[in-house]
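Every chain is numbered from 1, with letters handed out A, B, ... down the list of sequences.
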2 protein chains.
Amino acid sequence: MSGDEGQMSSALSAGAFTQYPLYKEVKLRITKSLMDGQWKSGEALPSEAQLARGFNVSIGTLRKAVDELVQEKVLVRQQGRGTFVATHNESRTLYYFFHIVGEDGVRRFPTSELLAFSRGKADTLSAQRLRIGRGDKVILIRNVLKLEGEPVVLDNITLPAAQLGDLTERIFRNRENTIYNLYQTRYGINVIRTVDRLRALISDDKTAAALGLQRGSPVLEIDRTALTYHDAPVELRRSYVNTAHHHYLSDLGKYY
Amino acid sequence: MSGDEGQMSSALSAGAFTQYPLYKEVKLRITKSLMDGQWKSGEALPSEAQLARGFNVSIGTLRKAVDELVQEKVLVRQQGRGTFVATHNESRTLYYFFHIVGEDGVRRFPTSELLAFSRGKADTLSAQRLRIGRGDKVILIRNVLKLEGEPVVLDNITLPAAQLGDLTERIFRNRENTIYNLYQTRYGINVIRTVDRLRALISDDKTAAALGLQRGSPVLEIDRTALTYHDAPVELRRSYVNTAHHHYLSDLGKYY
DNA sequence: AAGTGGTCTAGACCACCAT
DNA sequence: TGGTGGTCTAGACCACTTA
């Protein structure tokens, strides 16, 4: 009886006929609570023992579910203290989302300077990539990132307005933390991973001017999609980088 | 007695005074066997039950060690069949080491064309990055990669000759598989991960010619270090990519 | 049918943190 | 001291592959 209980409840609560691991279902239920905002950024979840009792699974199964969420950097474990919802702070940004480093390889956090904040409508491509309707309202942001005072990155951000209804230039400008932190804390939108597509281009005049480059200089274009739970897109960002004294570091695989 | 046995043997066999998890030590011992070539590319390891007995640990601890090696793509589990040393085949290359994709986002495997094979001595920078002596012998390879018949990538490879003593142009040219597969099967050098640093540049005339580009065209430079166990460097590769119709895909984090 | 990895459980004990 | 996560063990049963 006791041995089969977990599997029975799994099949029941999943409402499925297929064989599906119990820990995956537990993971989905934790994810759902996170999406619903049941535990907010930086808050502690109930202890593993409590969660296991709540889900009616063994502690080992509960841990396996949490293990994966920790791996994905959605949760953070701290021995002796608890398990927390990962916060978008500077160090997380620096290590997982900002890939521009100096020639010495050192990671520095950039300062940000807003160039333009406007609203518009999604064109065909943006709509498709954000999975919204063509012509739906979007927010457009142009932003320069500086490293040691020098402009290095020009960001062009496209956001679906529906999810960030009240976002204004003032709110954006007055944020005290990273942009992803703003999405997370104010709108409950948690960016979990990004997919970047890179090319080399000759910069156009406007971009060159924003980066203090000569006409015809090469720049690195980064076409980024930011994703939240279940790979749902939440932000498009097209960036241009002056790679004369910096480079983009792609260091996959060091996840152990 | 039975509960403490594992931890005791851990401390003993690690020969350390510090607290060190038993599964980490098991992982190191498996890694060591892999480095020593005890199980070769594509071969099956002993079953988990056998390994656990051999290391005198529980099956759970053994699995935790193997879990990490599977995550790092060093080992591959196949339910019902066994656990195998991961092979450098085309699909592994395509998904984990070759990041150039077409505008449609589809991954295609490139054809390779050798331009030059020579021997030389390591300059200061190469020596430092390969952790060999300045002036030590190296092998230099220039290679063009074509996608659908068009040259897209120019590779300039630097290899420490000491580890690949007998490598000749003929052997390199006649390989039947990927370059990393050659290192793995012929020299027991297993590339596990790579670190890429990217910039945008104006191509020099030689590079432009090799890629069929006009003078002054922008190209994406990829400065790659390939690493084996314990992050030991085994290859340097400086590549130039025509990103007019392709891009570099950086898709970290989809490891779940 | 026999052997392999995959899941799940139950319980002990350790390391670390806050109080 | 009590609560948290971290490690380790032991054993049952399931899913899949091969012969």
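The distance between atom CG of D67(B) and atom C1' of dG5(C), rounded to the nearest whole Å, is 11 Å. Rounded to whole Å, atom C1' of dC8(C) lies 14 Å from atom CD1 of I59(B). For the pair R63(B) CZ and dT4(C) C1', the interatomic distance rounds to 10 Å; values are reported in whole Å. Residue K27(A) contributes atom NZ, which lies 16 Å from atom P of dG6(C) at whole-angstrom precision. Counting to the nearest Å, the P atom of dT7(C) and the CG atom of L62(A) are 16 Å from each other. Taking atom CD on E25(A) and atom C1' on dT7(C), their separation rounds to 14 Å, with Å as the unit. A straight line from CZ of R53(B) to C1' of dC8(D) spans 18 Å, rounded to a whole angstrom. Atom pair L22(A):CG and dC14(D):C1' shows a separation of 13 Å (rounding to whole Å applied).
A pairwise comparison of heavy atoms in K73(A) and R92(A) identifies O-NH2, 3.0 Å as the closest pair. Here the shortest heavy-atom pairing between P233(A) and L227(A) reads CA-CD2, 3.7 Å.
Among the nucleotides dT9(D), dG5(C), dG6(D), the one closest to any side-chain atom of V57(B) is dT9(D). Ranking dG6(D), dC8(D), dC8(C) by closeness to the P21(B) side chain, first place goes to dC8(D). Relative to the side chain of R77(A), the nucleotides dA15(D), dG5(D), dT9(C) differ in distance, and dG5(D) lies closest. When the nucleotides dC8(D), dT9(C), dG5(C) are ranked by their closest atom to the side chain of Y23(B), dC8(D) comes out on top. Closest approach to the S58(A) side chain among dT9(C), dT4(C), dT9(D) is made by dT9(C) (side chain taken as heavy atoms from C-beta onward). Of the candidate nucleotides dT7(C), dT9(C), dT9(D), dT9(D) has the atom lying nearest to any side-chain atom of T61(B).
You'll find the ring centres of Y183(A) and H88(A) outside the 6.0 Å limit.
Checking the phosphate oxygens (OP1, OP2) of dT4(C), no side-chain nitrogen or oxygen of Q78(B) falls inside 4.0 Å. For dT7(C), one of the phosphate oxygens OP1 or OP2 lies less than 4.0 angstrom from a side-chain nitrogen or oxygen of K64(A).
Seen from the ring of F172(A), R175(A) counts as a face-on cation partner, given the 6.0 Å and 45° thresholds.
D223(A) has a carboxylate O that lies under 4.0 Å from a charged side-chain N of R129(A), or vice versa, which qualifies the two as a salt bridge. Electrostatic pairing of R170(A) and D166(A) does not count as a salt bridge here, judged by no charged N lying under 4.0 Å from a carboxylate O.
In this structure, the side chain to side chain donor-acceptor pair (under 3.5 Å) partners of S239(A), at least two apart in sequence or on a different chain, are D155(A).
Ranked by how close their nearest DNA chain C nucleotide is to the 5' end, P46(B) and G60(A) are led by P46(B).
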Give each protein N/O atom lying under 3.5 Å from an N/O atom of nucleotides 1-3 of chain C, with the pair distance.
from: dG3(C); atom 1: N2; to: G80(B); atom 2: O; distance (Å): 3.0

